[in-house]
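Heads up: the structure comes next, in structure tokens.
Heads up: numbering here begins at 1 and tracks the sequence.
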Amino acid sequence: KDCLLDDVVYSVTFRPENKKILYEKSSQLFDSAPIEFKVKEIRLQDIIPQSEPIVLNKIEIDDSVHYADFSPNDQLAVSSYANGYIAIWNTNNRKCIRSINAHGSHHVNTVKFNHSGDYVITSSSDGLIRIWRVKDGECIITIKGHNESVTSAFFDYSDEIIISTSTDSTIRIWNKFGECKNVLTKDDFYITIAAISPDGTIIASNASEGDDNYILIWDVNSGEIVKCLAGHKGEITSLAFSSKGDYLVSGSGLNDYTI
């Protein structure tokens, strides 16, 4: 409701108590070349808007926001930026606790808390995954293995396993120490996003082959594809399991615009 026609919203997530949402907003000037981002904000908004959104952007990072996430205890938020930075916020007083140059000048594509809230994990266009300790902002692990930009990285529900996707069209499964345990890939399929079921037994990913778009269901233990879902006419841009794992929701953008 708040967004203007020419605003770009990269991602949105529920606050743990389910009464507010967190999202990133950048306004593009489409009549300029190259495209210029003139507003870079993280916003905290009531689900049923009763007041103006709380804007979290009063920091020195001057670049577009790519991703944001709440901590499990609802006290913190983290955001990632195109210029390689991440920022950690206090959601009560709206202040930035810490900004970190996480990946040099490379885009930080996603940043996510683990399920204990003690760490955040970043994925970047430099091909690296990094895990950061929230309390002091220290990088404790750098994970290498993907050959191209890492498009997402996240912990499973046990915080023992890390799943990542990349423009190299692989899904990689790592242990919490950054050791690669399995690589999931399918010849001729372009894969960039994934989600893991709550019980950790299956992974869902997008997959495109030419103009055809699919959702692949992978068995985590065997690495085999157990199901292929078709229906979207455009690239699948988001996937999420329900809390019990019995439903999967998918969203598609260009040429499709359906959930």
Worksheet item: Do any pairs count as a ring pair (Phe, Tyr, Trp, His ring centres under 6.0 Å) and have a residue in residues 116-169, sequence neighbours left out, and if so which ones?
Response: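 Residue pairs with at least one partner in residues 116-169: His115-Tyr157.
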Considering all heavy atoms, the nearest [X]-[Y] contact:
X      : Y      : answer
Asn175 : Ile162 : O-CD1, 3.8 Å
Ser149 : Ser125 : OG-CA, 3.2 Å
Asp69  : Val111 : CB-O, 3.7 Å
Thr151 : Thr110 : O-CG2, 3.5 Å
Val150 : Ser164 : CG1-CB, 4.2 Å

Name all pairs fulfilling the salt bridge (Lys or Arg N to Asp or Glu O under 4.0 Å) condition that reach into [range], sequence neighbours left out, sorted by first residue then second.
range            : value
residues 75-89   : none
residues 122-149 : Arg133-Asp136
residues 242-259 : none

Let me have the donor-acceptor pairs involving side chains of residues 181-188, under 3.5 Å, with sequence neighbours excluded, atom names and distances please.
unit_1 : atom_1 : unit_2 : atom_2 : d
Thr185 : OG1    : Ser169 : O      : 3.3

Which distance, rounded to the nearest 0.5 Å, do you find between the [atom1] of [X] and the [atom2] of [Y]?
X      : Y      : atom1 : atom2 : value
Trp174 : Glu179 : CH2   : CD    : 10.5 Å
Ser124 : Ile86  : OG    : CD1   : 11.0 Å
Ile121 : Ile141 : CD1   : CD1   : 8.5 Å
Ser79  : Tyr67  : OG    : OH    : 12.5 Å

Worksheet item: Between the side chains of Ser123 and Ser152, is a donor N or O closer than 3.5 angstrom to an acceptor N or O?
Response: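 No donor-acceptor contact under 3.5 Å links the two side chains.
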Discussion item. For Asn109 and Ser80, which I'm curious about, is there any donor-acceptor pair between the side chains at under 3.5 Å?
Written reply: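 Per modelled atom types, Asn109 and Ser80 side chains form no pair under 3.5 Å.
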Can you list, pair by pair, the side-chain donor-acceptor contacts under 3.5 Å of residues 211-218, counting residues two or more places apart and other chains?
unit_1 : atom_1 : unit_2 : atom_2 : d
Asn213 : ND2    : Asp211 : O      : 3.3
Trp218 : NE1    : Ser205 : OG     : 3.0

